[in-house]
Amino acid sequence: MNRFLSRSQLRTRATQNAAAWFSPFSISRSVHSLPFATVDAEEISGSQPAEVLNFVQGKWKGASTWNTLVDPLNGEPFIKVAEVDEIEIQPFVESLSKCPKHGLHNPFKAPERYLLYGDISAKAAHMLSLPKVSDFFSRLIQRVAPKSYQQAFGEVYVTQKFLENFSGDQVRFLARSFGVPGNHIGQQSHGFRWPYGPVAIITPFNFPLEIPVLQLMGALYMGNKPILKVDSKVSIVMEQMMRLLHYCGLPVDDVDFINSDGKTMNKLLMEANPRMTLFTGSSRVAEKLVGDLKGRIKLEDAGFDWKILGPDVQESQVDYVAWVCDQDAYACSGQKCSAQSILFMHENWSSSSLISKLKDLAQRRKLEDLTIGPVLTFTTEAMLEHKNKLLKIPGSKLLFGGEPLKNHSIPSVYGALKPTAIYVPLEEILKEGNYELVTREIFGPFQIVTEYKKDQLPLVLDALERMHAHLTAAVVSNDPIFLQNVIGNTVNGTTYAGLRARTTGAPQNHWFGPAGDPRGAGIGTPEAIKLVWSCHREIIYDFGPLPKKWEIPPST
């Protein structure tokens with residue numbers, strides 16, 4: 001019985017079973033023998049650069065232009081990405097245009113494909129559960145989006161659990177329909193979930209495995225044909241995952257994979273005219289795409305995410321709350337769309353040891369274990385400039401950080417900043433000239449801290465009402481009346497409430513996405529998949545029979 005085996009024995013047995021299942025390949029020999037992999041995460045270097053290809057019309061292909069990426073930790077050129085330019089997009093346009101509006105499958109067409117994707121998910125989940133495979137992807141993520149091993153492995157784990165969730169019959173359950181009795185015998189109306197057909201997925205750098213896999217599989221489950229574009233800085237991760245999915249039975253004609261710059265991708269979207277596009281990334285690009293695509297888009301864009309610490313404080317809770325705040329603000333060097341951007345402390349928390357503990361936790365982060373690391377979208381100078389502007393606000397002060405990292409070889413095109421917190425008085429935040437500055441999202445290890453008194457909660461709620469992005473939030477309190485007040489007067493789509501509340505975290509078991517915007521996209525759950533990747537279609541059956549002695553009635 002498995003319950004009498006040690007953890008190492010269980011792991012060995014799982015690896016052996018998988019090697020037998022996927023024979024003739026042996027999963028257990030080495031990373032080089034992974035049956036899908038074309039790179040070794042540990043060996044990618046200037047002397048052994050990796051190459052990232054495109055996939056279109058069932059084949060891996062290069063491009064006329066190769067974009068050379070530098071290692072974000074030492075500046076060494078280490079990955080060559082075949083980037084498609086504007087004159088090379090036609091095969092992708094043709095491939096997408098071959099998919100009809102009614103999709104590759106739907107409840108009336110090729111329903112066996114729902115079962116196929118249940119099987120693919122089961123096999124892919126099993127592959128990711130193997131220690132050598134999960135370690136391969138964790139290490140690969142670390143090479144291109146440096147974060148601690150635990151954070152990188154977390155991506156792989158969530159992806160694996162998501163695939164487990166949609167194994168077996170769970171894919172076809174996503175297309176569950178309903179029926180309503182009609183007005184007479186022979187009439188019934190039925191509601192169905194219907195695919196869009198040709199679709200596009202554009203995802204960012206910060207979660208190079210989790211976001212694209214969850215959205216890609218959701219699109220495929222519902223019967224769509226996607227073209228996938230991942231930020232070129234990290235696209236090697238998804239290129240390898242595509243190879244794994246093909247190995248697990250993904251039909252080669254079902255997905256295209258492209259590397260390109262934003263201008264080329266925009267042109268492709270204009271020519272291919274996908275019926276729906278999922279975009280995860282910056283608000284600026286999102287708003288441009290909304291116009292270009294005439295609203296046929298779902299967005300999971302930026303978030304200036306807030307946390308409120310309520311009035312109920314116990315000294316025994318401070319260590320835990322400080323640790324969560326540190327994780328929310330600085331894990332992955334703050335490069336999460338759910339990162340804690342601003343902390344509203346009730347005055348009761350201000351008199352506790354919270355800030356000193358938060359400072360201690362921030363200062364133990366180090367580059368050696370990647371608990372702090374390169375910032376890929378802001379330079380050090382840009383973050384320091386923002387710090388200096390904030391410190392000009394009356395009453396503002398630097399709580400900790402605010403200095404460049406030392407003794408590193410991170411290239412200057414990226415940022416390298418110590419975990420930073422700046423205090424800004426609440427009254428100053430609300431002033432017209434300061435609000436936009438204070439609530440500017442810095443996608444790095446940077447947060448604003450402020451304090452409110454017991455009668456100033458309306459001011460806090462006013463600050464939240466004026467924000468533009470409503471992705472994640474946390475209300476740290478076990479006071480039900482306080483929670484009711486804050487939750488009832490805010491809108492963030494993923495909101496944690498209670499003593500253990502956090503802002504970060506997109507596990508496979510709950511919805512993750514913004515609220516308050518009809519364009520908002522979710523990820524992870526059946527509700528998210530159905531909302532983003534299908535639309536409603538109503539079929540009204542009306543078979544009769546006709547009433548006896550029916551005659552043509554007068555015109556109306």
Side-chain angles (χ1 to χ4, degrees), residues 154 158 300 302-331 334 336-350 352 354-355 357-358 361 426 429 439 441 447-517 520-528 531:
V158 168
E300 196 268 272
F304 190 82
D305 304 301
W306 51 264
K307 178 182 288 180
I308 297 175
L309 305 183
D312 45 325
V313 183
Q314 296 180 19
E315 191 61 35
S316 61
Q317 303 168 349
V318 175
D319 278 335
Y320 181 83
V321 172
W323 173 75
V324 175
C325 286
D326 173 75
Q327 287 291 111
D328 282 346
Y330 305 126
K336 295 183 178 183
C337 52
S338 56
Q340 177 179 304
S341 303
I342 187 167
L343 177 65
F344 295 90
M345 298 185 301
H346 189 277
E347 58 184 332
N348 294 347
W349 284 95
S350 304
S352 75
L354 177 73
I355 294 299
K357 290 182 182 295
L358 187 56
L361 290 168
L426 179 60
I429 291 176
T439 58
E441 184 183 16
Q447 70 170 319
I448 304 297
V449 178
T450 192
E451 176 190 83
Y452 69 100
K453 301 186 184 304
K454 62 180 181 180
D455 59 346
Q456 289 184 310
L457 183 60
L459 296 181
V460 174
L461 296 175
D462 178 46
L464 306 183
E465 177 69 18
R466 290 164 60 180
M467 291 180 184
H468 302 297
H470 304 289
L471 184 55
T472 71
V475 191
V476 182
S477 174
N478 281 347
D479 180 341
I481 303 302
F482 182 83
L483 291 176
Q484 180 174 293
N485 192 5
V486 174
I487 295 172
N489 287 284
T490 54
V491 70
N492 293 46
T494 302
T495 302
Y496 285 88
L499 174 64
R500 301 183 65 172
R502 53 183 177 162
T503 65
T504 60
Q508 72 291 337
N509 64 298
H510 70 60
W511 162 284
F512 183 87
D517 188 334
I523 192 170
T525 62
E527 292 77 16
L531 172 80

Show every salt bridge (charged side-chain N to carboxylate O under 4.0 Å, His left out) that has at least one partner inside residues 502-517, sequence neighbours left out. Asp517-Arg519
Nearest 0.5 Å, what's the CD-CD1 distance between Glu300 and Ile523? 7.0 Å
Would you tell me whether Asp312 and Ser477 have side-chain atoms, one donor and one acceptor, within less than 3.5 Å of each other? yes
Find the distance between CH2 (Trp323) and CG (Asp328) and round it off to the nearest 0.5 Å. 9.0 Å
Hey, what's the ring geometry for Phe482 with Tyr452, parallel, tilted or perpendicular (30° and 60° as the breaks)? parallel
Heavy atoms, side chains only, cut-off 4.5 Å: are Thr503 and Tyr496 in contact? no
Counting neighbours of CD on Glu527 that are heavy atoms of other residues, nucleotides or ligands and sit closer than 6.0 Å, is the number greater than 12? yes
For residues Ser341 and Asp305, is any side-chain donor paired with an opposing acceptor at under 3.5 Å? no
Look at atom CD of Glu315 and say whether more than 12 heavy atoms of other residues, nucleotides or ligands are closer to it than 6.0 Å. yes
Student check: side-chain heavy atoms of Leu483 and Asn478 closer than 4.5 Å: no
Crowded around Arg466 CZ? As in, over 12 foreign heavy atoms under 6.0 Å? yes
Would you say Leu343 and Cys325 make side-chain contact, with heavy atoms under 4.5 Å? yes
Nearest 0.5 Å, what's the CG-CG distance between Asp462 and Asn489? 11.5 Å
Trp306 meets the side-chain hydrogen bond (donor to acceptor under 3.5 Å, both in side chains) criterion, sequence neighbours left out, with Asn492
Hey, does the side chain of Trp349 reach the backbone of Gly310 with a donor-acceptor pair shorter than 3.5 angstrom? yes
Does the Thr504 side chain pair with the main chain of Ser338, one donor and one acceptor, at a distance under 3.5 Å? no
Where is the tightest heavy-atom contact between Pro514 and Gly520, given as atom of each residue plus distance? CG-CA, 4.0 Å
Please step through side-chain contact (heavy atoms from CB on, under 4.5 Å) for the pair Asp319 and Lys357, ending with a clear verdict. CA-CA 7 Å; Asp319 278 335; Lys357 290 182 182 295; 3.0 Å; yes
With a 4.5 Å cut-off on side-chain heavy atoms, are Met467 and Ile342 touching? yes
Distance check, rounded to the nearest 0.5 Å: Met345 atom CE versus Ser352 atom OG? 7.5 Å
Which residues share a ring pair (Phe, Tyr, Trp, His ring centres under 6.0 Å) with His470, sequence neighbours left out: none
Nearest heavy-atom neighbours spanning Pro507 and Gly505: CD-C, 3.3 Å
Nearest atoms (heavy-atom pairs only) where Gln447 meets Tyr330: NE2-OH, 3.1 Å
Contact between Phe344 and Gln456 at the side-chain level, heavy atoms closer than 4.5 Å - yes or no? no
Has the side chain of Glu347 got a donor or acceptor atom that lies under 3.5 Å from a matching backbone atom of Glu451? no
Euclidean distance, Thr450 OG1 relative to Leu459 CG, rounded to 0.5 Å: 10.0 Å
In this structure, CD of Gln327 is separated from NZ of Lys336 (nearest 0.5 Å) by 7.0 Å
Closest approach of Ala322 and Leu358, non-hydrogen atoms and distance? O-CD1, 3.6 Å
Heavy-atom nearest pair, Leu461 first then Val486, reads CD2-CA, 4.3 Å
Student check: side-chain heavy atoms of Gln317 and Leu499 closer than 4.5 Å: yes
For the residue pair Val475 and Thr490, establish whether any side-chain heavy-atom pair is separated by less than 4.5 Å. no
Side chains of His346 and Val313 in contact at under 4.5 Å (non-hydrogen atoms): no
Please name the pair of heavy atoms, one in Ala339 and one in Gly334, separated by the smallest distance, quoted to 0.1 Å. CB-O, 3.6 Å
